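First the structure, in the form of structure tokens, and then the observations on it.
All values reported here derive from a predicted model rather than from experimental measurement. The figures that follow rest on heavy atoms only: side chains count, while hydrogens, waters and symmetry mates do not. Both ligands and their constituent atoms are indexed starting at 1 by order of listing.
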Amino acid sequence: MTSASVSASAVSVFEDAVGALEGGHAVAFPSGMAAVSAVLDLVARDGAVVAPSGAYSGTRQLLADLAAHGRLRCTLVDVTDTRAVLGAVALSGAALLWAESPTNPMMGVADLAALAAVREGGARYVVDNTFATPIVQQPLSLGADLVVHSATKLLSGHSDVVLGVVVARDEPVAATLRAARRDRGATPSPSHAFLARRGLRTLPLRFERASDTAAVMAERLGAHACVERVLYPGFGTMLSFLVHGGAAAADRFCASVRVAVPATSLGGVETLVERRARYPLEVEAGVPANLVRVSVGVEGVDDLWADFEAALSSARRLSGSAGST
Ligand SMILES: *Cc1c(COP(=O)(O)O)cnc(C)c1O
């Protein structure tokens, strides 16, 4: 076997595994954004796209850039409001509906099966399933045409990979994506595909552990005096919460954790916390200044809670001394 065939097989072994999990034909890309970009390339020139106002910020940025260059038109909607989404798709004659559920970081839940009605009007229906993973939902079985993942996140699970994947219901669409990948030179890294495939072996275990912990953390945070509100969809490994004391208290919380790690990204074995409104694009999307997004890892729940409690008391001392709410 030549090294080229070994390399090619690392990618196709990963694709076969994700294709089996999502129930379609998988095509890997060098990053989640490369996968997003390849799907948006399927839209004809000046075609209309409807996407969630709470979509992943990188996706919103790309859509805004493409719209600014006259490549496509884009309407942002509240994806949890099915009637609003269907209305926007009909009104714009959309070629593509982009959905995400739960949304990031507000944790809104869309009715993915109901949104599949857009296919009757000829729109292609795409779901970014990065947050939920096929453990929670398989969008192709709910009527989607395409599923997108940042495999950088939960699928790989160890914060050491950058990789994306698109899963198509129909093989001809997968073939189109493969040809575009070749032509654009968007070749995924075999070593990252190998690591992602290895990570996939423990996806159910990691997901179950982190989900159980997330449920406990959501409940405890909800009962904590320093917490204004918890946003938790009731499943999965992601949650957000609003800290009393504004942005400064949320920043203090993130700077004070010792078990969790203050960082962007999500879906790794370590719990990550981030005040999302530090990014202008998130402020634009209406993300509260005092919101902390939590990607729950696989640590012991009591270690993690003790860490959060200590960091919340640091945040409270700050909000107390600043005299804010
Ligand atoms: C991170 C992320 C992406 C982009 O993936 P990269 O691998 O970082 O390029 C796309 N969608 C969602 C929901 C994400 O969280």
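- Side chains of Q61 and D65: a donor-acceptor N/O pair is present below 3.5 angstrom, by distance only.
- Applying the salt bridge (Lys or Arg N to Asp or Glu O under 4.0 Å) test to every pair with at least one member in residues 230-252, sequence neighbours left out, gives these pairs: D251-R275.
- Looking at E282 and S57, their side chains never bring a donor and an acceptor atom within 3.5 Å of each other.
- Evaluation of the ring-ring contact (aromatic ring centres under 6.0 Å, His included) rule for F241 yields F253 as partners, not counting sequence neighbours.
- Other residues sharing the hydrophobic cluster of L205, ordered by chain and number and joined by side-chain separations under 4.5 Å: none, the residue standing alone.
- Here R181 pairs with E15 in a salt bridge; the nearest charged N to carboxylate O distance falls below 4.0 Å.
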List, for ligand 1, each N/O atom that has a protein N/O partner under 3.5 Å away, with both atom names and the distance.
{"residue": "ligand 1", "atom": "5 (O)", "partner": "S150", "partner atom": "OG", "Å": "2.9"}
{"residue": "ligand 1", "atom": "7 (O)", "partner": "G32", "partner atom": "N", "Å": "2.8"}
{"residue": "ligand 1", "atom": "7 (O)", "partner": "S150", "partner atom": "OG", "Å": "2.8"}
{"residue": "ligand 1", "atom": "7 (O)", "partner": "T152", "partner atom": "OG1", "Å": "2.6"}
{"residue": "ligand 1", "atom": "9 (O)", "partner": "G32", "partner atom": "N", "Å": "3.1"}
{"residue": "ligand 1", "atom": "9 (O)", "partner": "M33", "partner atom": "N", "Å": "2.8"}
{"residue": "ligand 1", "atom": "11 (N)", "partner": "D128", "partner atom": "OD2", "Å": "2.7"}
{"residue": "ligand 1", "atom": "15 (O)", "partner": "K153", "partner atom": "NZ", "Å": "2.8"}

